[in-house]
Amino acid sequence: MMEMKKHQEDQFTKLAVFLSETKQPFINVQTAQITCAIELLKVLPAAQDAVFEYYAKFFDYAISTYLKQLKVQPSWVESSSTSSRLEPLTIPPEIIENVTNIRDVLLRLVEEDHLVWAPVVLHWSYKLLGKVSKHYNMHEFARMPLGDMLRFWSQCSVAYILVDINNKTIAKMMKAEGEQSVDSMIETMLGYKSSSFEWVLAQIGDSFPSLVIKDMLLCGIKEMCITKKFKHTEKLNSFIRILDHLSITYFNNIKDVVFKLFKLSLGEEHQKMTIENIAIVPFLLHMAMCSSTLLKSMLCENLTQITPEVLNKLLPLYPQWKKYFDEQCSLLDIMVQVLLNADRGIKHVLNLIFQLIDCDDPKLKILKTGAQTLFELFLAELEYSLRTNRTTPPIVKALVTNLHSIKLYLLSTNINVAQPAGRLLSCIAIRDQECLLPYIATMLIECENSTQLETLVEILSFGVNMAHFDGGLVYALVKTDVSLSNVWSNINTLLSLESDPPEGISLYGVSLAVVSHLDKICRSMIECCHSGDMHSAHLLSSILSKIATKLCMKEMSVPKVLYCVKAAVLYFFTCLFKEKDEMFKLKACLRMNKFVNTVSYRSSIARTAAMKYILDGVLKEPFSLLFVMPDNRRNDYIIQPLERTSLMGSFFQQEFNLMFGEEISIKFDKDELHPKYKTPVFDAKSVRFNEQRLVSFLRSCYSSDECYSFEPTLDTVVSLALLVVQFVSPDVMYNGLPWPDEDFTKVTIERDVHIYHTITTKPILWTILGILAGHRPALCYCSVLLRAVCACLINHWGAVNHTKGKSKDNRQLLDDTVKLLNTMSLGQLLPKPLDVLGVIVPELTPQQILIVLRDCVWTYTRDHIPAPALFLRNNIGGMWRDTTTVAVPKPYSDSLRLTMIENISQFGDLYARLFTNNKQQSMET
């Protein structure tokens, strides 16, 4: 007992000495006193206040020793740059040793009995940190960025040890009792108003990021609940700077804390929710306006967990949120500003907004209306900002990066979704016009209904977007892995809207853009005709007819001109060949008439090429079959299929076989097992329709004016005549105008038979020769064809006469003879009275026909070359051969006169008009 009492007296004596010495100014390191304080703290807990006060003085002394080396006044901030100092700053070793001993003692006490010592040590440490931070150069700290402040204090080992004591004490309390055990302490720290204390909170945040972030946000929420208004105070600025610092390393923690706070607002029983939980969403929105870090943490992948159903749970809280907003800064206004300042995560926001707009659930009607209103305000503010401000809102960059995410909404069939998405794309294009091109192309390719096309029209008619249509069309046409059928359909519709635009819509420039890609359109049209894709071919023909007025041949290259003509001619024939509806074919042909007329009027190259392609079509299968009557169909009209077949199949498909030709052709026609090999047969009505369309189409090629009047120039019809000769005559020999002696036909018999065979098997050539005959003297240039036909007819009629045949039994031969004579009469190659030969020949015998062909036609044209020089221009501008002054000499008409006398009962009246009543004839007799 005596020893214990003596020990206590010694301890109290030490305490008295310790207290008396601590009252003296702290001017030097007092190791003995520090050691004594450590012993007193261990054995005399009642002395903890005095001991901690002494420790505080020692730490303050140690830090002041460090700061004095920096020559703090007046510009210690600049001096903190260690790179500008020759020697590093040092603290006396004895100070470091004593500070370390103090740390070890305090942490040991906390470890041994955290319930007693942890709160005491923690309170002492953060209070001392606050005092030190505030005491030394507070005004300089106010101007120093948080990063510089942290670097400055991290160079002071004493301050670092003090922070270490604080953090390890917090860690012990959290490990033993959980986060709630230190929430009050952290909240107290957050209550410091001095900005110089920010570095301490930042250091704690580096060790316990989620804890500090949560407590900072909750502190701000509580203050807003107390004032019932969000105030941008200095404390909030400190919080924002700390968040910015922590976001460098712990951004994911910030995201998690923000989302956890948001979940607190989703309690099922709103009546039992605390006022702080209710105020979480308004506070986060206000803070997002002030802190880009918090904004980024809100607009992240966590938004994918927020569905319309989740938002619907927040709807009952909206009336209580209103008190945290005012008229100058409403909830919608803040949300719009938050979106404008978002530089990431906008994809998730757009997905959520469009989900709400596209939602048809009656329970979500209020949210849908709100989302539509919000997005309209956002688009209006974005457009205004882009048009008036030089600086681009941060959201534009994010939108450009995530532009692919709105493609789905651009193509939505819901007009309430598609048009806002289109407006958003148009707003982005105000600053980044290049981004518009691929999406114009995408919509041209994928638009399949009126809603999608209406969205495209809205985009093109917005501002100057129409100027980028050409670029978008280029994007669409260069894609090789997509079908262009939709592109042609959409372009066709846009051209219609351009010519007849709805009110408020301007699509001027579509046709000009399409014209610049005319070669691609024509190539596609040719491919469609070859592949049998008539739907696309019809669309392309409609496009060509609509842009015809925009064509300017001076700016078109020769290949482009030739593509235009070839596509138009091929489509014309393909349409006649494959389409069944005559009215549809008529409209399609009229479109091509207009297009070819426009092209040909402006370009002689196009005119010649068009006539050449037409002649090539009518002379070659399968299109030549369009103009063959069913009763005139022959074995040589059978088409060889393009597909490779077996040897037996080839045998059955050959054109002619000496022994089995007739049987083969019959089997081929009736073989229902191979319908694709059958030759299409057109009825008489269809053939006549086809002939009419061809004549109209051919005339549109050589029309002499833009008014489509079909009045050709002489050079044009002469070109047509020469092309007919070029295609029909097998060589260039003997293609002149003169008719030789009849005996000379033995030399040209093979070519004459070829020409005659071509003309008789392609009866449309008679129609073309008739057109030339009507435009005198163009038929003169086809003299070689007429000569060949006449030579063959003379031979054929000679053979018929030799076999004692009858004219009526040779209907095809008689028809060919009549066509020849009528054509020559129309072209004024046979003057009166020979121009009536076509009328009387059907009633003559083969011998009589042979006589008039040889003695009247051949002999006359041999002696009177059918030359263009025989024709003179009359007073109305046409070319005419005046037969009143040119009489047919008697030797050439005697055979006709004698033949008519032999058949006077049939030709009496005609004979009287030609010979008896003719004065000139009377004088000659």
Side-chain angles (χ1 to χ4, degrees), residues 255 258-273 277-286 288 295 298-325 329-340 342 345-382 395 398-399 402 405-425 427 449 451-452 454-455 458:
K255 292 192 297 184
V258 169
F259 192 63
K260 288 178 181 178
L261 286 176
F262 174 78
K263 285 183 176 180
L264 294 177
S265 300
L266 301 176
E268 295 182 0
E269 298 182 8
H270 296 95
Q271 297 81 1
K272 297 181 181 180
M273 291 180 63
N277 289 351
I278 295 174
I280 288 175
V281 172
F283 176 77
L284 291 177
L285 287 174
H286 279 295
L295 175 60
M298 293 169 60
L299 302 178
C300 63
E301 62 275 5
N302 288 334
L303 284 174
T304 58
Q305 302 181 44
I306 303 178
T307 62
E309 291 73 17
V310 171
L311 291 179
N312 196 44
K313 295 180 180 180
L314 294 174
L315 200 57
L317 299 179
Y318 177 71
Q320 302 181 62
W321 290 349
K322 290 183 179 180
K323 59 186 176 183
Y324 301 111
F325 304 95
C329 188
S330 66
L331 174 61
L332 286 177
D333 292 337
I334 287 183
M335 294 179 72
V336 168
Q337 293 303 317
V338 166
L339 290 177
L340 289 175
I346 194 63
K347 174 178 68 175
H348 308 300
V349 178
L350 292 178
N351 289 339
L352 184 58
I353 291 176
F354 284 122
Q355 279 182 35
L356 288 170
I357 295 176
D358 197 27
C359 182
D360 294 328
D361 190 346
K363 297 179 181 179
L364 304 178
K365 184 177 181 181
I366 297 177
L367 280 176
K368 178 178 181 178
T369 304
Q372 289 176 322
T373 304
L374 171 64
F375 203 61
E376 286 296 325
L377 290 174
F378 164 69
L379 290 176
E381 190 67 25
L382 177 62
I395 192 176
L399 286 172
N402 296 280
S405 63
I406 70 170
K407 172 185 173 181
L408 178 65
Y409 307 113
L410 287 172
L411 297 172
S412 173
T413 56
N414 186 345
I415 194 69
N416 295 325
V417 174
Q419 290 201 352
R423 280 189 58 197
L424 179 61
L425 178 63
C427 289
N449 54 59
T451 300
Q452 294 172 337
E454 186 177 346
T455 303
E458 290 286 343

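The shown structure was predicted, so the numbers you read here are calculated from the model rather than taken from an experiment.
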Solution key, residues 348-358 side-chain donor-acceptor pairs under 3.5 Å, sequence neighbours excluded:
unit_1, atom_1, unit_2, atom_2, d
N351, OD1, Y409, OH, 2.7
N351, ND2, K347, O, 3.2
D358, OD1, N414, ND2, 2.8

Quiz item: Taking atom CD1 of I366 as the centre, does the number of heavy atoms from other residues, nucleotides or ligands within less than 6.0 Å exceed 12?
Solution: no
Quiz item: Do E454 and Q419 touch side chain to side chain, with heavy atoms closer than 4.5 Å?
Solution: yes
Practice problem: Measure the shortest side-chain to side-chain distance between V310 and Q305 over non-hydrogen atoms and say whether it is less than 4.5 angstrom. | Solution: no
Quiz item: How long is the gap from OG1 on T369 to CG on L374, to the nearest 0.5 Å?
Solution: 12.5 Å
Self-check item: Minimum-distance pair of heavy atoms, taken over all atoms of S412 and A418
Solution: O-CB, 3.6 Å
Quiz prompt | Minimal non-hydrogen separation, P420 against I415, with atom names | solution = CD-O, 3.8 Å
Quiz item: How about L261 and L264: do any of their side-chain heavy atoms sit closer than 4.5 Å?
Solution: yes
Quiz item: Which value, rounded to the nearest 0.5 Å, describes the distance between S330 atom OG and M335 atom CE?
Solution: 10.0 Å
Quiz item: To the nearest 0.5 Å, how far apart are CG in L367 and CD in E309?
Solution: 9.5 Å
Self-check item: Backbone N/O of T451 and side chain of T455: donor-acceptor pair under 3.5 Å
Solution: yes
Quiz item: Got L424 and L382 here, is their nearest side-chain heavy-atom distance under 4.5 Å?
Solution: yes
Quiz prompt | Nearest non-hydrogen partners of A398 and A342, listed with the distance | solution = CB-O, 4.1 Å
Quiz prompt | Residues, nucleotides or ligands: over 12 heavy atoms within 6.0 Å of K323 NZ | solution = yes
Quiz item: Just wondering, do L331 and Y318 contact through their side chains at under 4.5 Å, heavy atoms?
Solution: yes
Practice problem: Take the angle between the ring planes of F375 and F378 and call it parallel below 30°, perpendicular above 60°, tilted in between. | Solution: tilted
Quiz item: Any idea which heavy atoms bring A288 and M298 closest together, and the distance?
Solution: CB-SD, 3.6 Å
Quiz prompt | Short side-chain to backbone donor-acceptor contact, S265 and N277, under 3.5 Å | solution = yes
Self-check item: Heavy-atom check, side chain of D333 versus side chain of V336, under 4.5 Å
Solution: no
Exercise. Report yes if the side chains of F325 and L332 come closer than 4.5 Å at any heavy-atom pair, otherwise no.
Key: no
Self-check item: Min side-chain heavy-atom separation L299-I346 under 4.5 Å
Solution: no
